[in-house]
Structure formats: C-alpha cells, structure tokens
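Only one structure is covered here, and it is reproduced in the block below.
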Amino acid sequence: MIKNLVIVESPAKAKTIEGYLGKDFVVKSSFGHVRDLPKDNNAIDIENGFKPTYVISSDKKDVVAQLRKLAKEAETVWLASDDDREGEAISWHLTEALNLNDSKIRRIVFREITKNAILNAISSPRNIDMDLVNAQQARRILDRIVGFELSPVLWKKIKTGLSAGRVQSVAVRLVVEREREIERFKADAAFKITASFSVEGKTLDAELPTRFKTEEEAQAFLQKCIGAAHTIENLEKKPLKRSPAPPFTTSTLQQEASRKLYFSVAQTMSVAQKLYESGKISYMRTDSVNLSEEAISGAANAIQQSFGEKFIKTRRFKTKSSGAQEAHEAIRPTDFSQMTVSGDRNEQRLYELIWKRAIASQMADAEIEKTTATIGISTQPEKLVATGEVIKFEGFLKVYIESKDDEELQDDDVKGMLPPLSVGQTIDLRHMLATQRYSRPAARYTEASLVKKLEEMGIGRPSTYAPTISTIQKRGYVEKDSREGKERPYRVLILQKDQVSAQTKTEITGAEKAKLFPTDMAMVVNDFLVDHFPTVIDYSFTAKVEAEFDEIAQGHEEWKAMLEKFYEKFHKRIESSETIDRAAVSGARELGIDPVSGKKLIAKLGRFGPYVQLGEENPDTGEKPVYASLRKGQFLESIALEDALELFKLPRIVGMYEDKEMKAAIGRFGPYISHSSKFYSLPKHLDPLQVTPEEAIELIEQKRKADAEKLIKSFDENPDVQVLNGRYGPYIVVGKKNVKIPKGKEPAELTLQECLDLAEATPEKKGRGGFKKKPEPAEKKATTKKAPAKKAAAKPKAKK
DNA sequence: CAGTGAGCGAGCTTCCGCTTGACTT
C-alpha cells in the first residue's frame with residue numbers, strides 16, 4: 001500500500017525527486033508520452049470533428065501496466081510531467097491510460113529540480129488544463145495530417161518512401177536555398193592595403209579603411225607612397241566591456257560542442273544524456289537560459305573559491321527565442337564545485353564546456369581598453385589605422401570564450417597590444433602590401449548551424465533537433481560531406497625599400513568540412529512542394545500555427561475549428577495535386593550538344609537517382625539513348641556538359657580474366673573493378689580510366705588471397721555458407737546474411753546444418769534507406785530470372 | 001558498388017514530440 005504516487009517524465013528525475021520527498025511518496029517515470037495516434041492511416045476521424053484514436057505505444061505497455069497497478073494502490077496520484085504543452089498532454093493521457101478519476105489526481109508543476117521547488121509544487125496542486133491539452137492535440141493532429149497526406153503525394157509523383165512534414169521540409173528547404181545562393185554567388189575582389197611598421201624593435205600593423213577595386217588603383221596608391229614619411233597623428237583610447245553569454249540551451253550546446261569539440265548534434269545529445277543520467281548536469285533538452293536561485297548561489301560560491309569576490313556578477317538571463325516554453329532550467333552542472341568529472345573523454349570534455357559556460361554566465365564583465373592609432377602618410381591624404389586591445393580586467397574571459405561560426409569570423413578578430421606610441425612620433429615602414437581579397441558566399445550549414453536557424457524560426461523543439469537532422473539525412477535529402485577546395489590565384493603588390501613589385505599567389509577556396517549538401521532529390525522535392533504546397537513549406541507556417549495553438553491554450557479558440565479551417569484549404573491542394581504530370585517534376589535540364597556525336601545531352605532525376613541521357617529514342621532509326629548515373633559530388637543543377645560527357649567513358653571493359661569480363665567503374669564507395677559478380681575497390685593510385693588488365697588481375701588475385709586467409713570453413717554442398725574470421729571475431733555468412741556464432745561453439749566444428757539453423761533463427765535486419773528491397777515470395781518459388789523482380793508476396797493484410 | 005530510366009500496379013513507405021535502452025555487424 002502506498003500513499004502517494006508521483007509520476008514524472010524522466011527516470012533520472014524520478015530518482016532525484018524521491019530523495020527530496022519523504023517515504024510516503026513513491027516517484028515513478030512515464031518515460032515521456034505513453035499514448036499516441038496509431039501508425040495507420042485511420043487514426044483521425046476527419047468527418048467527425050477530427051476525433052483522434054489513441055493507443056498505448058507498444059514500448060510503453062509495461063510502463064503503463066506498472067503505473068496502473070501502483071496508481072490503484074495509491075491514495076493520491078501526483079501528475080508531475082513537464083510544465084508545458086506536451087507535459088500537460090502527458091498528464092491527461094496518463095489519467096486516461098491509468099483510468100484515474102478526478103478525485104484521486106493532483107496536477108503539479110515545477111521548472112527546476114530543487115527541493116524547494118518540489119515542496120512548493122506539492123503544496124499548490126491544480127487541475128489538468130484541458131485548453132492546454134487541446135492545443136497539444138491540435139498540434140499533434142495537424143502534424144499527422146500534414147505528414148500523412150503530403151508524403152503519399154511524393155510517393156506518387158516522385159519516388160516511393162519519401163517524406164514531408166512541417167519541420168523536416170522546411171529544414172530541407174533551408175539547405176536547398178542556401179546551396180542555390182552559393183551556386184549563384186559571384187565573388188568580387190578588391191585590394192586591401194596593409195602596412196607593417198617598426199617601432200623601437202616592435203611591429204605595428206595597420207590597415208587602410210578603404211579598399212581599391214582594381215589593381216591599377218592599388219598600384220597607383222603604392223607608387224604614391226614611395227618615399228613618404230609616416231607619423232602618428234592621433235591616439236584614441238576607449239574602454240570596452242564584454243559580457244558573458246547565457247548558460248547553454250540544447251541548441252547553443254549543440255553549436256558550441258560542434259565548433260569546439262567537433263561533435264555531431266546526435267553525439268552531443270548522447271554524451272549529455274550520460275552526464276544527465278549520472279546526475280552531473282541538469283536536464284539537457286531545454287530552451288531556457290534561466291538558472292534556479294540555488295544554482296546561481298552555487299555558481300557564486302564556486303567563483304569565490306576559484307577566482308575571488310571580484311569575479312562574481314550574478315545575472316538573470318531572459319530568453320530571446322519566441323517559441324520557448326521554458327519548462328526546465330538552462331543546462332548547468334548540478335554541482336558547481338566539481339570542475340571536472342569522471343567518465344570517458346567525451347563526457348569530460350562536454351562537462352567542462354557546460355561548467356565553463358554556466359560559471360562564466362555568473363562572472364563579471366571583461367574590461368578592455370581599445371587603442372586606435374591613426375597614421376598619416378606625408379604624400380597622401382589617406383590615413384592608415386592600427387587598433388590594439390589590452391585586457392584591463394579579465395572577468396569571465398578567465399574561463400570561457402564563446403566561439404563563432406565561420407561566417408561571423410572577421411580577419412582581424414584577434415587583436416594584440418600596440419607598442420608604446422605617442423602623437424607626432426615618426427615610425428619606419430617595413431613594407432606595405434596590397435592584397436587581392438575575394439568576397440565570400442554565405443556558408444553552407446553545419447548540423448549545428450541548421451539547428452540554430454530552425455530555433456530562430458521557432459521550428460522544432462529541443463527534443464527533436466537531433467532527430468530532425470538525422471531524418472533529413474536518412475531520407476536522402478541532405479548529405480553531410482567534406483570537399484576539397486580549389487586553388488585560386490590572387491595578386492599581391494609589395495612596396496618595400498621604395499620599390500613596388502607584384503606577384504601572383506594562390507589560395508584555397510571553397511573547402512568544406514562536415515557541411516550539409518542537398519541532394520538532387522531534395523531539390524526536386526523542394527521545388528515540387530514550393531510550387532504546389534506553398535503554405536506548409538512557408539518559413540512562417542510554424543509561427544502562424546503556433547500563434548493559433550496559443551489561442552487554443554488560452555481558451556480563445558476551439559481546436560477543432562482551427563483544424564477545420566486549416567484542413568479545408570490544405571486538402572484541396574492535396575486533391576488537385578492528382579493531376580500533376582510526373583515528368584514535369586523530374587528536374588530535367590538540357591546540358592547541350594555532344595560535339596562528337598551531335599546528340600542532345602539531358603540531365604534528370606530518375607527512379608534510381610540522378611543521371612544523364614545522351615541522345616533520344618527514335619523509332620524510325622532504331623536509335624536508343626545511352627544513360628550514365630551522376631557521381632558523388634555531382635548535381636543535376638550544376639553539372640557541366642564536359643563533366644557529363646566524361647561519365648560515358650565508364651564503365652569500361654578492362655579485359656578478360658577466367659573467361660569473364662573485368663569492368664572498371666565508379667560506384668558509391670569509389671572506383672572499383674567488377675568481375676564475375678564480385679567487386680574489387682581500386683586503390684588510390686589506380687585510375688579507372690587508365691587501369692590495365694594486368695593491374696586488374698593482380699588486384700583480383702590479391703583480394704582472393706586475403707579472403708582465403710579469413711576463411712575458417714566452407715562447405716562444398718552449399719558455397720553460399722562460409723565461416724569467416726572478421727574484425728569482431730569469427731562469424732557465419734549465409735548468402736548475404738551475417739550470423740553470430742553462439743557462445744561455446746567452436747567455429748571450425750560447425751556443420752552446414754547448424755549454420756543454416758542459426759541463420760534461420762537470426763531475424764532479418766530491418767534496415768531502411770536503400771531502394772533495393774527484394775521481398776521473397778512466401779509460398780511460390782519465384783525463379784524467373786529475366787522478369788523484373790518486382791513481384792511481392794500477394795498476401796492481403798487484414799485492414800483496420 | 002552491376003544492369004536499369006515507360007506503365008501496368010501488389011503492398012510497402014510517411015508526421016512531430018516526449019522519453020530511454022537494445023542493438024553489437
């Protein structure tokens with residue numbers, strides 16, 4: 001018999017809270033939502049006022065059963081899910097799923113996990129706010145309708161398996177539009193003048209505030225500077241203050257961990273999860289920059305201990321993002337006196353980052369003195385400017401400096417101290433440079449900078465940023481990739497010892513590391529959605545519906561009426577999309593005429609990905625077009641005629657070996673040789689266009705030798721079955737399936753039958769993503785070799 | 001990692017948001 005059952009969302013939270021409450025309280029977790037719309041297409045009865053059907057999520061059956069049992073025994077059930085829209089809905093779903101009646105339940109909320117906050121909450125329970133619950137239902141149903149009506153349109157018009165949704169489609173759109181912006185971008189160059197002086201053995205660097213458009217102008221300027229005297233005309237000192245950034249939210253943590261530790265957003269979340277579960281940090285999915293009073297005084301104590309009174313300046317930050325629901329604190333250490341933690345290297349590094357950021361947020365401003373020296377040139381009216389900074393008081397800079405994205409970086413970001421100067425002082429020129437500098441296009445998104453952008457637009461939630469980023473990659477819309485840059489020449493003019501000389505140097509431009517690139521599929525799908533469903537893919541769509549959800553939450557609007565209004569227009573668009581011609585959305589583009597054959601070259605997106613087509617079908621002459629797939633790094637929108645023509649040179653027959661052809665081509669994993677249905681990757685030094693038969697044969701024989709060394713056992717009766725030695729120890733291969741060897745079995749003594757049985761007992765790997773699914777007919781033996789293998793088992797499933 | 005690129009059309013796919021483990025090739 002228990003007196004009080006408290007239900008929270010997270011098990012780690014439950015553990016902490018149980019410690020705060022007496023033994024009259026049992027604290028359990030719901031592990032998030034326990035009920036949801038079923039996966040099928042009839043979850044919402046649109047005709048009957050969008051009536052939803054809810055089911056207990058399959059992975060929550062046990063949790064709900066356990067909670068139901070405890071709730072039955074308990075006198076009072078305290079529903080303590082998060083203080084936001086989703087949390088309110090979780091509480092409501094719990095009352096439904098656990099059959100709780102109103103007299104037994106109390107709804108309580110708190111926004112920080114501190115003893116005071118919990119006890120306060122217990123002393124002021126309230127009822128479940130049905131307006132807030134309805135706002136959540138409207139959100140859930142709208143997302144389901146958008147996703148489940150839009151995606152099938154894509155299956156019909158573009159490719160099966162594609163997806164669209166309120167959040168992911170906008171994320172893809174951002175990446176697509178950024179790519180096009182970069183594609184359109186034309187860099188313009190200008191000459192920047194810098195000068196280096198010698199002041200009593202020390203160096204003083206200065207710059208001309210204006211730039212010159214042409215080399216001639218820059219040349220003329222340097223010429224005029226020959227023999228000039230340089231004098232300090234003015235010295236100005238200005239005090240500057242810098243303030244620390246607020247403590248981390250999910251999105252800012254992902255950004256900093258990406259910039260400083262090179263973590264992916266998923267990696268950041270999984271490392272943070274471990275820190276949270278071991279009680280070292282507060283909750284990591286939050287949009288709040290707020291710290292509890294207890295945390296602030298904890299930070300102040302730690303600062304006092306390590307740096308002294310002078311460095312303390314407590315602050316209460318306010319959130320800037322409008323969509324924030326602030327159900328939790330900002331991300332912070334649970335114990336500020338712990339500067340480091342145990343755990344693996346990544347946990348330690350992420351913790352340190354969190355500690356520094358949170359501590360710095362409660363530290364004094366940095367005081368800086370900025371000096372600007374103006375340097376006159378006796379032969380010219382133009383002035384050079386040198387700036388330097390001296391830190392007078394470090395303040396928060398002692399522990400933490402926020403990093404910036406590439407696009408925000410300035411060349412002169414790091415400034416040192418100037419040598420001692422006085423007005424009227426003449427200084428010696430070492431050299432003056434006019435360097436050609438190109439403007440840069442907007443930077444491609446990283447995972448983290450895309451999250452930042454989404455958050456600014458109020459799209460997505462802390463719990464979904466990382467999953468959204470991986471969804472758009474899994475669906476084949478976006479690829480995280482690195483590119484080598486290209487060399488670009490630039491001009492430098494040098495004035496030294498009263499002589500002006502010029503030289504051409506080269507710089508690397510356009511190199512990218514772990515950036516997001518849209519695929520051709522993303523381009524085609526995005527254009528289709530923009531054309532036919534402009535509303536839902538509009539950048540302000542989420543903001544608009546959020547405003548309506550707020551109205552519902554306030555009780556000013558009825559949720560069914562809101563959905564009705566939205567659905568009417570949206571569904572009309574879905575219906576009229578039926579008539580769209582498939583061919584019109586293939587992204588076809590004419591590249592030009594092949595100068596050799598005189599045939600037309602077209603690039604388009606097909607069922608198997610982007611390809612180019614040379615020539616056209618002509619029934620009169622019997623002429624047929626030839627096709628070639630685009631390679632990694634090539635795109636429909638940007639591939640040039642000459643690069644496309646190159647594609648037709650591969651695959652190429654290298655020669656014969658054991659009466660079979662050896663073909664060279666480039667595949668998903670790079671260049672390779674194929675021979676008798678087997679593939680052999682080409683090492684870097686072999687070019688698929690140049691590789692000789694001898695080289696190819698050597699490659700095949702080497703690979704065979706290596707494979708033979710891995711082989712433990714094979715069976716003459718069935719060559720599809722082998723026992724091999726792999727990276728993780730011995731395993732069995734049956735056809736294309738890898739099978740684990742159970743403990744206690746000697747790999748060398750396995751019989752064929754044992755292998756087959758083990759393979760049978762191993763479940764199929766359910767991987768999605770590949771477009772090559774070959775469902776085997778269950779009953780009939782289908783051995784038709786020539787027929788396209790597209791027949792699936794015709795086993796009608798009971799529809800519900 | 002090939003070859004393919006029309007349309008026929010079985011039966012599959014899909015959303016967002018809240019939470020953790022179970023996976024170990």
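Letters A, B, ... mirror the listed sequences (proteins, then strands); counts begin at 1.
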- Item | Out of B:dC1, B:dT19, B:dT13, whichever nucleotide has its closest atom nearest the side chain of A:Tyr672 | B:dC1
- Query: Ring stacking, A:Phe31 with base of B:dT19, under 5.5 Å and under 30°?
  - Reply: no
- Message: Between A:Glu326 and A:Arg111 (salt bridge meaning N to carboxylate O under 4.0 Å), is one present in this structure?
- Response: no
- Message: Let's test your reading of the model: under 3.5 Å, does the base of B:dC16 pair with the side chain of A:Arg461 as donor and acceptor?
- Response: no
- Query: Choosing from B:dC15, B:dG17, B:dT19, which nucleotide comes nearest the side chain of A:Lys60?
  - Reply: B:dT19
- Message: For A:Ser163 and A:Gln168, which I'm curious about, is there any donor-acceptor pair between the side chains at under 3.5 Å?
- Response: yes
- Quick one: does NZ or CZ of A:Arg139 land under 6.0 Å from the six-membered ring centre of A:Trp559, within 45 degrees of the ring axis? no
- Task: Select one nucleotide: of B:dC16, B:dG5, B:dT20, the one nearest the side-chain heavy atoms of A:Ser10.
- Result: B:dT20
- Under 4.0 angstrom between A:Arg285 side-chain N/O and B:dT20 OP1 or OP2: yes
- Can you tell which of B:dT20, B:dC16, B:dC15 lies closest to the side chain of A:Arg144? B:dC15
- Remember a base hit wins even if backbone is also touched, and classify A:Pro11 as base, sugar-phosphate or nothing at under 4.0 Å, heavy atoms. sugar-phosphate
- Regarding the side chain of A:Tyr627, the nearest nucleotide among B:dG21, B:dG5, B:dC18 is B:dG5
